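For this chain, numbers begin at 1 and follow the sequence in order. Fair warning: this is a prediction, and the values are worked out from it, not measured in the lab. For the numbers below, each heavy atom of this structure counts, side chains included, while hydrogens, waters and symmetry mates do not.
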Amino acid sequence: MRVPLSWLREYVDLPATETGRDVQAKLISVGLEVETVEQLGDGLKGPLVVGKVLTIEELTEFKKPIRFCTVDVGQANGTGEPQEIVCGARNFAVGDKVVVVLPGAVLPGGFAIAARKTYGKTSHGMICSSDELGMGDDGSHGIIVLPPEHEVGTDAIELLQLVDEVLDIAVTPDRGYALSIRGVARETATAYGLPLSDPALLDVPGPNAFGYPVQVSDPMGCDRFTARTVTGLDPEARSPLWLTRRLQKAGMRPISLAVDITNYVMLELGQPLHAYDRTRVQGPIGVRRAEQGEKLTTLDGVKRTLDAEDLVITDDRGPIGLAGVMGGANTEIDDTEGTTTEVVVEAAHFDALSISRTARRHKLASEASKRFERGVDLQAASAAAQRTVDLLVLLAGGTADAGVTEVIAPSAPHTITIPADHPDKVAGVDYGRETVVRRLQQVGCDVYGQDELIVTVPSWRPDLTDPNDLAEEVIRLEGYENLPSTLPKPPAGRGLTDRQRLHRRVGRALAGAGYVEAPNYPFVGEHVFDQFGLAADDPNRKVVKLVNPLSDEEPALRTTLLPGLLGALRRNDGRGSHDLALFETGLVFHPREELKIAVRLPVDRRPTDEEIASLTEALPLQPRHAAVVLTGAREQAGWWGKGRPSDWADAVESARVLAREAGTELIVRGGQYGPWHPGRCAELAVVVGGVEQVIGYAGELHPGVLKTLGLPARTSAMELDLDVLESASSGVPKGPKISTFPVATQDVALVVDVAVPHAGVEAALREGAGELLESIRLFDVYENAAQLGEGKKSLAYALRFRAADRTLTVDEASAARDAAVSLAAELTGAVLRG
């Protein structure tokens, strides 16, 4: 909303010394977002005067039309002689009044004017267009031609109101009243503690039976409709300069007198209006929902197919306008031929949600729809219609009909009950009842009561719906900057939960292992599941879809972290970073079998456990996952060695890192799933309550997936469910007991079938070795058909034995090793090599 300071001063008697910057600071202090203050006419210096064109000589010897003019500027040039000016514009004639800038003047932008020779003539100044004076778009795209009543030599700077300050306010959706000079003036008056001259306080005649007939078939969509008629308009009447200049400063283009007046009143009072050419309206004006497929050509010349939810204005022929959005072309006021002498003025109040949906459905945002969808003053329609009628009578010579039509659906003022100390509790400041009442009254509320206040909300503030809204009004008017900075005091014993501690340990552990955290947006497109090669019945294909997604390409919430991480890896690889190890911990989303409606939680107390549980049951399942992706070198080459590339084993090891942080035994075995290479994929599982559960997969990604997604070869990944991992844990890992006795190391090499996994052999060795085994490490894998036999491999392990209370003998260590080998032979068919 662009608010000229000169217009604002009409309704608030600001001190003469107050500048736009001062007003900006005051409005910001009461919660309005004033983004900029534009200095109109900055650097403008006269003489800039009204002139009358005396003669025009056409210079035809040049490639483009040039005119040599003499202009009467009175005594502004010091001589009274006609001023000779060369001009290329052609939208003026002899006898027209124009704006002339004389030598010595400076136009906006630092453009100095001096006499200069051009096209074989000497031009002593310029005949100005609106663009050259920084006036904005007036629709003419040429020289400013003034009405004939202005005297020659008059100062055009003051006449055209070229010097002013304009506040540009970013109006938030809950502050629809600020989309008007009236609303901003009310905030300004409150901020300065000055009285407001409310432009809506007009004497309005009551409704009678002589007004233009109106039939409202949908009172829920239109709860108020005012119609007034003005006849005898002068079709040649044009908008006066003061009106067009205010529209231009507010960012609107002048069109015609009747339309300019409706736009002016909309800017002034915040009530959108529409003027119909009465001779082009056939029968009563109606308000109803459109029939599916009905057609309407709007004022922008587009023929639109209407939806059954669209609210339309009709006459006997059908729709003549999209209610609250844009009028129809078939009742447009004809400005080109100047034949409109009778108009019907519409001032209505429409349902905000309905207008918002219609504007978005037809991609037709207008100044009217922008106001209706934010909330318009229900009581302003009659005053706005009266103001429009008064201006049409004053400026177009019309006559106001005695008939007044008002269709009003019954409604009661909105009241809110609020404890007098509620704003104190919200802000943590002792305002007191008197301050609360005074501030609410400044907003426009009627307040009654002592300890319990009954507050009647003003009609121009439909955003005030509950006690917290009223508390916000008190706090903002008292000044957010006056709120003390205090740290909350949490009660003892309420630190991080075990789940939160695990998440932090996991992040630190992965960062310590060389991974870089790369958080991603939680949105996916369902095509990614085809790229991953997931089965048609895979649970990850069941997604939660967003009603209003940020991108049509990603309309669903993720069920896996890999799409985002792999996208980040692809972008970084494409920008030259080829050695990458990324991780993310975050929520994934799965729909519930039964859809429930979320309850609205109270704001005046802490919700009960049952209310929180009910809310949780209405939300999708949101387990927390952890995932990593790797490509390129895992260890860099240098003077210390050759380095090595990352591979599937690194992805599996990242899962073991997480299991160690959770204090959980991780089961790793061969698996096959989705995007992973079927021969290089590990299935990850844990035991929860005696039942084994698969929590994820790790390994190298399938070459087909890598090609489809444009990823580097041999890219590896891991993803697991952190919540299930936590449920399998034994709590916070405890520090190991350190024995002071020496370790006994025994190496063993076992020959097994190639298909036997290392994890199975290791588990058998652990079980067989008993409690003396401290650790086991696989240090060699060897395959040679000539020495071991076809389909065989050798696994070499280092077994470390230690007792807590004594030094082990060689026989004890050997006996434990033999027991381990014996059980491995029984369970896996292992044979001791050599």
For residues [X] and [Y], report the shortest heavy-atom separation together with the two atoms involved.
| X | Y | result |
| --- | --- | --- |
| Ile355 | Gly324 | CG2-O, 3.7 Å |
| Val443 | Pro458 | O-CG, 3.9 Å |
| Gly125 | Ile85 | O-CG2, 3.6 Å |
| Ala191 | Val30 | CB-CG1, 3.9 Å |
| Ala89 | Arg67 | O-CD, 3.1 Å |
| Ile66 | Gly88 | CD1-CA, 4.3 Å |

Could you work out, with salt bridge (Lys or Arg N to Asp or Glu O under 4.0 Å) as the rule, every residue matching [X], not counting sequence neighbours?
| X | value |
| --- | --- |
| Arg371 | Glu367 |
| Arg90 | Glu58 |
| Asp260 | none |
| Asp351 | none |

Qualifying residues under side chain to side chain donor-acceptor pair (under 3.5 Å), relative to [X], sequence neighbours excluded:
| X | value |
| --- | --- |
| Glu10 | Arg246 |
| Thr36 | none |
| Arg2 | Glu38 |
| Asp377 | Arg182, Ser459 |

Is the shortest side-chain N to carboxylate O distance from [X] to [Y] below 4.0 Å?
| X | Y | value |
| --- | --- | --- |
| Lys97 | Asp72 | no |
| Glu473 | Arg461 | yes |
| Glu151 | Lys52 | no |
| Lys249 | Glu165 | no |

[X] side chain to [Y] main-chain N or O, any donor-acceptor pair under 3.5 Å?
| X | Y | answer |
| --- | --- | --- |
| His349 | Val376 | yes |
| Asn208 | Val404 | yes |
| Ser366 | Val325 | yes |
| Lys26 | Glu187 | no |
| Asp42 | Gln39 | no |
| Thr231 | Glu342 | no |

Does a donor on one side chain sit under 3.5 Å from an acceptor on the other, for [X] and [Y]?
| X | Y | result |
| --- | --- | --- |
| Asn77 | Glu81 | no |
| Glu406 | Ser382 | yes |
| Arg253 | Gln248 | no |
| Arg186 | Thr190 | no |

Counting only heavy atoms not in [X] (residues, nucleotides, ligands), do more than 12 fall under 6.0 Å from its [atom1]?
| X | atom1 | result |
| --- | --- | --- |
| Tyr119 | OH | no |
| Phe210 | CZ | no |
| Asp234 | CG | yes |
| Arg317 | CZ | yes |

Looking at residues at least two apart in the chain, or sitting in another chain, which of them share a side-chain contact (heavy atoms from CB on, under 4.5 Å) with [X]?
| X | value |
| --- | --- |
| Thr70 | Leu54, Thr55, Pro82, Glu84 |
| Lys303 | Lys295, Thr297 |
| Arg361 | Asp307, Glu309, Asp310, Arg357, Thr358 |
| Asp300 | Thr298, Val302, Arg304, Met326, Leu364 |

With a 4.5 Å limit on heavy-atom distance, are the side chains of [X] and [Y] in contact?
| X | Y | value |
| --- | --- | --- |
| Lys121 | Leu59 | yes |
| His124 | Arg116 | no |
| Leu322 | Val312 | yes |
| Gln83 | Ser123 | no |
| Leu5 | Val166 | no |
| Arg238 | Ser256 | no |
| Cys128 | Leu133 | yes |
| Thr399 | Val393 | no |

Practice problem: Could you walk me through whether Tyr276 and Glu332 pass the side chain to side chain donor-acceptor pair (under 3.5 Å) test, one step at a time? | Solution: CA-CA 6 Å; Tyr276 302 93; Glu332 179 182 10; over 6 Å; no

Enter the distance from [X]:[atom1] to [Y]:[atom2] here, rounded to the nearest 0.5 Å.
| X | Y | atom1 | atom2 | result |
| --- | --- | --- | --- | --- |
| Met135 | Leu40 | CE | CG | 10.5 Å |
| Leu311 | Leu306 | CG | CG | 11.0 Å |
| Phe111 | Glu132 | CZ | CD | 7.5 Å |
| Leu167 | Ile28 | CG | CD1 | 9.0 Å |

Practice problem: Specify whether Phe350 and Phe372 have parallel, tilted or perpendicular ring planes, treating 30° as the upper limit for parallel and 60° as the lower limit for perpendicular. | Solution: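 Geometry flag for Phe372 against Phe350: perpendicular rings.
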
Exercise. Only one of Asp277, Val389, Thr388, Ile333 passes side chain to side chain contact (heavy atoms under 4.5 Å, CB included) with Val343; say which it is.
Key: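 Testing each of Asp277, Val389, Thr388, Ile333 against Val343, the sole residue satisfying side chain to side chain contact (heavy atoms under 4.5 Å, CB included) is Ile333.
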
Practice problem: From the options Val259, Asn263, Leu257, select the one residue that forms a side chain to side chain contact (heavy atoms under 4.5 Å, CB included) with Ile261. | Solution: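 Looking at Val259, Asn263, Leu257, the match for Ile261 under the side chain to side chain contact (heavy atoms under 4.5 Å, CB included) is Leu257.
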
Self-check item: Glu268 vs Tyr11, side chain to side chain donor-acceptor pair (under 3.5 Å): CA-CA, chis, key distance, verdict
Solution: CA-CA 10 Å; Glu268 183 179 54; Tyr11 309 125; 2.4 Å; yes

Practice problem: Applying side chain to side chain donor-acceptor pair (under 3.5 Å), run through Gln282 and Asp315 and close with a yes or a no. | Solution: CA-CA 6 Å; Gln282 298 180 11; Asp315 65 2; 5.9 Å; no

